[in-house]
Amino acid sequence: MKTKKNAYQNPRFVIALILLTAASLYGSLDLLISKVRLYPDSPWNDSVSIHEKRMEPLKEMLPPAGSVGYVTTVENEKFFSLERNFQNVELLGQFIATQYTLAPVFVYNTPEYPLVVGNFLSGPPDPIFLRRHRLVPRIDFGDGVILFERRGES
Amino acid sequence: MSAVFIGVTLVHVFFPLRKRGAFLLKISLGTGLGLGITSCVLFFSLFIFGPRFALVPEIVLVIMALVAWMFMIKKGVPAEVNLSPAEREKFKYGHILAVVFGISLLSFLVSFAVSVAQEPHGKWDAWLIWNMHARFIYRAGEHWQNYFHSGLSWTHPDYPLMLPLSIVRSWCYMGAESLSVPIAIAFLFTCALIGLVVSSLVMLRSKSQGYLGGLVLLGSPFFILMGASQLADIPLAFFLLAAVVLFFVHDRSSGRRHPILIMAGVAAGLVAWTKNEGLMILFVLILVRFFLVAAGEDGWKGAVKQVLWLMAGLVPVLLVVAVFKMHLAPSTDLFIDQNIQKIWARLTDLQRYKAILYAYIQTGLTFTQGIPDIRTGFRLNLGTAGIVLLAVYLFLSGISVERKDRGNILCVLILTLITLGSYFVVYLITPHDLGWHLATSLNRLLLQLWPTIIFIAFIVARTPEMVFPSEEHRRRETGAVLDKAGKRKRKGE
């Protein structure tokens with residue numbers, strides 16, 4: 001008996017169902033496979049966790065609240081713009097991760113503070129830069145992490 | 001758990017429904033609303049009493065929720081809300097759909113777990129904004145308000161606190177920070193959103209429609225990745241869909257309906273408490289809803305009544321947002337260093353219009369695929385669930401709209417258009433580099449609307465039950481038709 005419902009073209013609906021189901025299943029399984037493939041390379045070994053481990057000894061030396069400056073291998077003014085131009089997100093990421101680790105201490109993107117956090121992953125700090133900003137190493141924690149004090153301000 | 005308990009209790013008191021899909025709907029709604037409401041309570045508590053007694057109001061709420069359950073058990077559950085019947089029939093191949101959904105769900109769980117293991121602190125914005133704010137608030141103790149005045153504008157201290165305070169309250173209960181908390185909250189919101197899509201479609205349409213909606217959401221890799229990223233886009237998407245679903249349920253029901261509107265008001269308010277763009281979405285939603293109801297059967301009187309009930313749920317949450325914005329939050333970065341001349345120059349730059357339109361089309365077609373590699377650009381993959389797949393499905397399956405749903409469908413379509421239009425204007429006037437701003441945010445803004453779009457698509461699409469009824473239904477239909485024919489024959493005789 002041909003009802004109003006059966007008059008509709010069932011093959012189209014079958015195709016629709018199969019398409020939708022197959023594409024959705026493909027999407028979720030494709031993601032699963034790509035995720036699992038990456039897993040052995042980086043279990044709980046992400047950049048933020050690594051950075052936190054590096055900064056932990058410095059964090060213990062800082063007061064529970066207050067403000068510190070920050071220096072790294074590139075001039076402070078550059079690393080926000082480098083990220084905006086998709087050129088280098090690593091430097092900005094390191095700065096943000098430093099603040100993330102040291103909160104509630106405020107980390108400012110400038111060397112103009114009595115205490116300054118130094119983060120030098122790609123090599124030692126430029127001595128001319130340090131002299132210009134009157135930065136003297138107070139404690140070297142190794143792995144490029146140095147706590148500076150500003151001469152004449154402690 | 002106390003947040004979920006409070007949320008589920010509230011939902012059950014306001015929404016005492018016993019229909020197919022209702023249990024999952026209540027759990028899903030209760031989880032998200034509970035987390036949102038308890039973050040509001042914590043904010044007021046911190047603001048008025050300080051950190052020492054921050055959890056006291058919530059403990060009072062838990063006791064009230066326990067009393068409410070005892071009252072409900074003793075007196076019996078309040079009167080039910082009646083919905084017009086959704087499809088009661090079974091789809092012949094429903095079990096296949098259920099298995100496929102199950103596989104997709106399992107795949108999601110594993111992908112989520114692996115994503116979390118790879119990035120336990122979440123993606124960039126999680127540790128730049130949400131988890132960062134939680135650390136500032138929790139670690140600073142009595143001085144929790146200091147970071148709002150710190151001048152660290154790059155961490156966006158103007159952003160609302162739903163997510164950070166949800167994290168902080170769990171740390172307060174635990175007495176210590178733990179990475180597991182933001183992960184658990186991200187997991188709860190993601191699962192609640194999946195549950196909301198599935199259960200609302202099961203209740204309002206059919207079981208198979210629920211599975212299909214859930215399949216499309218689980219088949220969107222970007223949704224799963226953002227779920228695990230500990231960002232606020234998934235919670236915002238949840239609250240938006242919750243408000244929309246509750247509007248649908250309200251209009252379909254014929255019993256005691258006003259509590260549903262109160263809950264919708266709470267959900268709508270929590271959209272604004274989650275992210276800054278939520279304020280705009282909230283106002284558009286309420287306005288469009290008001291005018292559509294006024295233009296319908298209920299008229300202006302009915303529209304005003306509905307808005308008043310909405311306000312009953314909305315105002316307490318908006319109060320939280322208002323206090324935060326007026327007393328704590330600095331100016332948003334979109335308006336820093338802006339003046340009329342700069343804005344006018346951007347508004348009259350045709351290249352910006354072209355760039356934004358192009359990004360809309362490109363991102364709109366591809367955003368569900370995953371996180372794009374900015375260096376290689378977007379590539380369309382039709383094999384993934386997305387707008388194209390939904391459109392093709394609707395074209396092939398056909399549509400069948402319940403009369404009572406028409407107003408709300410129109411409401412959501414208008415809301416989507418106005419929201420996308422508003423984002424267009426924001427991108428036009430943004431002080432940030434346009435390419436950077438589009439690349440780092442547009443896909444997430446679209447993701448906020450995606451679950452609601454999926455919901456609407458399957459509210460209008462024909463259900464498998466309509467096209468492939470079960471044998472039992474065929475026999476019943478055949479029997480009914482024969483009965484009718486027999487009666488006509490006897491009448492004629």
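Letters A, B, ... are given to chains in the order of the sequence lines, protein chains preceding strands, and every chain is numbered from 1. Everything numeric in this text was worked out from a predicted model, so none of it was measured. Computed over heavy atoms, backbone and side chain alike; hydrogens, waters and symmetry mates excluded.
Interface check for chain A: of the options S208(B), P221(B), S220(B), G386(B), the most heavy-atom pairs under 4.5 Å are formed by P221(B). Of the listed residues L17(A), L19(A), L29(A), the one with more heavy-atom pairs under 4.5 angstrom with chain B than any other is L17(A). Of the listed residues (S150(B), G141(B), A461(B)), the greatest number of heavy-atom pairs within a distance under 4.5 Å of chain A belongs to S150(B). Your options are A140(B), S111(B), G151(B), and the one with the most heavy-atom pairs under 4.5 Å with chain A is S111(B).
Using a 30° and 60° split on the angle between ring planes, H437(B) and H432(B) fall in the perpendicular class, above 60°. Below 30°, between 30° and 60°, or above 60°: for F136(B) and F106(A) the angle between ring planes is between 30° and 60°, a tilted geometry.
Note on R135(B) versus E52(A): salt bridge recorded, some NZ/NE/NH1/NH2 to OD/OE distance being below 4.0 Å. R150(A) and E112(A) are joined by a salt bridge, as a carboxylate oxygen and a charged side-chain nitrogen come within less than 4.0 angstrom of each other.
Between F367(B) and W450(B), the ring center distance clears the sub-6.0 Å criterion. A distance of 6.0 Å or more separates the ring centres of Y211(B) and F458(B).
Side-chain contact of Q118(B) with D46(A): a donor-acceptor pair under 3.5 Å is absent, judged by distance alone.
Atom OH of Y93(B) is surrounded by 12 or fewer heavy atoms from other residues, nucleotides or ligands within 6.0 Å.
In this structure, the portion of V392(B) lying under 4.5 Å from any heavy atom of chain A is its side chain and not its backbone. With a 4.5 angstrom heavy-atom cutoff, W144(B) does not touch chain A via any of its atoms. Only the side chain of L97(B) comes within less than 4.5 Å of a heavy atom of chain A; its backbone N, CA, C and O stay farther away. Heavy atoms closer than 4.5 Å to chain A are found nowhere in F108(B), neither backbone nor side chain.
Cation-pi check for R134(A) over F148(A) is not met; the charged atom does not lie both under 6.0 angstrom from the ring centroid and within 45 degrees of its normal.
Each side-chain hydrogen bond (donor to acceptor under 3.5 Å, both in side chains) pair with one or both residues in residues 55-65 of chain A, not counting sequence neighbours, would appear here, but there are none.
Scanning residues 93-103 of chain A against chain B with a 4.5 Å non-hydrogen threshold yields G93(A), F95(A), I96(A), A97(A), Q99(A), Y100(A), T101(A), L102(A), A103(A), sorted by number.
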